[in-house]
Protein chains: 2
Amino acid sequence: MPAGPVDQTERRSGALLDHLARRMRLRSESVLAPLGLRPRHLVALTVLREAGGMSQQGLAGRLQLDGTNVVGLLNDLETAGLVERRRSPEDRRRHVVSLTQTGAKRLNEAECALASVEDEVLGALDPAERETLYDLLRRATSEVPPTCAEAAGNDPDSLC
Amino acid sequence: MPAGPVDQTERRSGALLDHLARRMRLRSESVLAPLGLRPRHLVALTVLREAGGMSQQGLAGRLQLDGTNVVGLLNDLETAGLVERRRSPEDRRRHVVSLTQTGAKRLNEAECALASVEDEVLGALDPAERETLYDLLRRATSEVPPTCAEAAGNDPDSLC
DNA sequence: TAAATAGTTGGCGCTACACAAACGATCCGT
DNA sequence: ACGGATCGTTTGTGTAGCGCCAACTATTTA
């Protein structure tokens, strides 16, 4: 086989995302626990803040979680007063879930508290690079994942 | 309260990392399964390839896993012929773990197969941005997390 | 030579899921 | 008006991925 470049590894982000996310999560837990939060709560609160309010089905889609798991997650957050469920006037079967003021404040507190975690876990990156990372992650996650029907039609390897 | 900027949210990457990593993982599983791999295998193989060979303790440190869980993880990979454990000539208590040729090849195959997953999950980013994301993740994860002693000395919030 | 270290095995427990079934309330199409 | 579909809830089962512990063997160290 002809010799190629020394580094022939494919440049994939998946393993690195898992790796970095795990480190961040481990470091975060001790900071979040006093606030009554777990990393999965943080993800849900972040998505809800950005969306301004959404159905449970919508949230399940965004988080790629089974609906029954979203129910449990929201039960935690609602019990803590961080979110509220309101019946949709358009369809009273449906809840619209949104952050309470308490929830918005708690999320902000959590993010402030996580500054030291990010300083540590992202210590190899300078502030501009951290900003770039944040921006790339935000834009990558803001794209709504395709629905099952869309994905199944387009991609046989899809989960659906 | 005086009115502030509209967006006063802290710019933290933790929740977004979890969110994106989860999406990537879900999409990856169907691609990795035919190769006999799970996402946690991929992380370990990636770390081992980069390190060229390391002790189990070293790997446990890099992955921030309990040593007994690294034993189980390596048992999977060794059984599949993807890694080998060799006694260190310097200290025969210790194993040096490295990728086999089969393992290096399988990892490359996995990364090729994951191209479509990354196209989908990172669809909102253009190729240059994906390259930037990869680079930032790689550099952030390459910094070895501090040992417990180091972290405990410097940071009371540390996990240790 | 005793204590410490590296790794292994087996076990227990927890969290975070996936998935299924059954149900009540509500909406929609016929 | 009614049956089917939808939204959400509860309960239950199971799996994966861990953390942590104890006990052990082999080896190194002081």
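Below, chain A is the first sequence line, B the second, and so on; all start at residue 1. Keep in mind that the numbers below use all heavy atoms, side chains included, and drop hydrogens, waters and symmetry copies. These numbers were taken from a predicted model, which means no experiment stands behind them.
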Legend entry - Under 3.5 Å: donor-acceptor pair, side chain of B:Arg27, backbone of B:Val121: no
Inset, instruction - Would you kindly give the CD-to-P distance between A:Gln56 and D:dT6, to the nearest whole Å? - result: 17 Å
Legend entry - Spacing between B:Leu73 atom CG and C:dG7 atom C1', to the nearest angstrom: 15 Å
Legend entry - Criterion side chain to side chain contact (heavy atoms under 4.5 Å, CB included) on B:Arg22 and A:Gln64, from CA distance to verdict: CA-CA 8 Å; B:Arg22 183 182 150 78; A:Gln64 310 244 260; 4.3 Å; yes
Legend entry - A:Asn75 CG - C:dC17 P separation (whole Å): 15 Å
Legend entry - Nearest-Å distance for atom pair CG/P, residues B:Asp76 and D:dA16: 11 Å
Inset, instruction - In whole angstrom, give the distance that lies between atom CG of B:Leu37 and atom C1' of D:dA16. - result: 16 Å
Inset, instruction - Report the residue (A:Asn69 or A:Val96) whose heavy-atom-nearest nucleotide on DNA chain D is the more 5′ of the two. - result: A:Val96
Legend entry - Between C:dG7 (P) and B:Leu65 (CG): distance, integer Å: 14 Å
Inset, instruction - Would you kindly give the CZ-to-P distance between B:Arg25 and C:dA18, to the nearest whole Å? - result: 11 Å
Legend entry - Connected via hydrophobic side-chain network under 4.5 Å: A:Val96 and A:Val47: no
Inset, instruction - Mind running a 4.0 Å heavy-atom check of residues 82-94 of chain B against DNA chain D and sending the residues that fall below it, in number order? - result: B:Asp91, B:Arg92, B:Arg93
Legend entry - Passing candidate, side chain to side chain contact (heavy atoms under 4.5 Å, CB included) with B:Leu107, options B:Leu82, B:Leu99, B:Thr102: B:Leu99
Inset, instruction - Let me know, please, whether A:Arg22 or A:Val70 comes out on the 5' side of the other along DNA chain D by nearest nucleotide. - result: A:Val70
Inset, instruction - Check the surroundings of atom CZ in A:Arg86: do more than 12 heavy atoms from other residues, nucleotides or ligands lie under 6.0 Å from it? - result: no
Inset, instruction - Tell whether A:Ser55 reaches the base of D:dC7 with its side chain through a donor-acceptor pair below 3.5 angstrom. - result: no
Inset, instruction - Starting at atom NE2 of A:His19, determine the distance to atom P of D:dG17, rounded to an integer number of angstrom. - result: 16 Å
Inset, instruction - Answer with yes or no whether the side chains of B:Arg40 and B:Asn69 bring together a donor and an acceptor at under 3.5 Å. - result: no
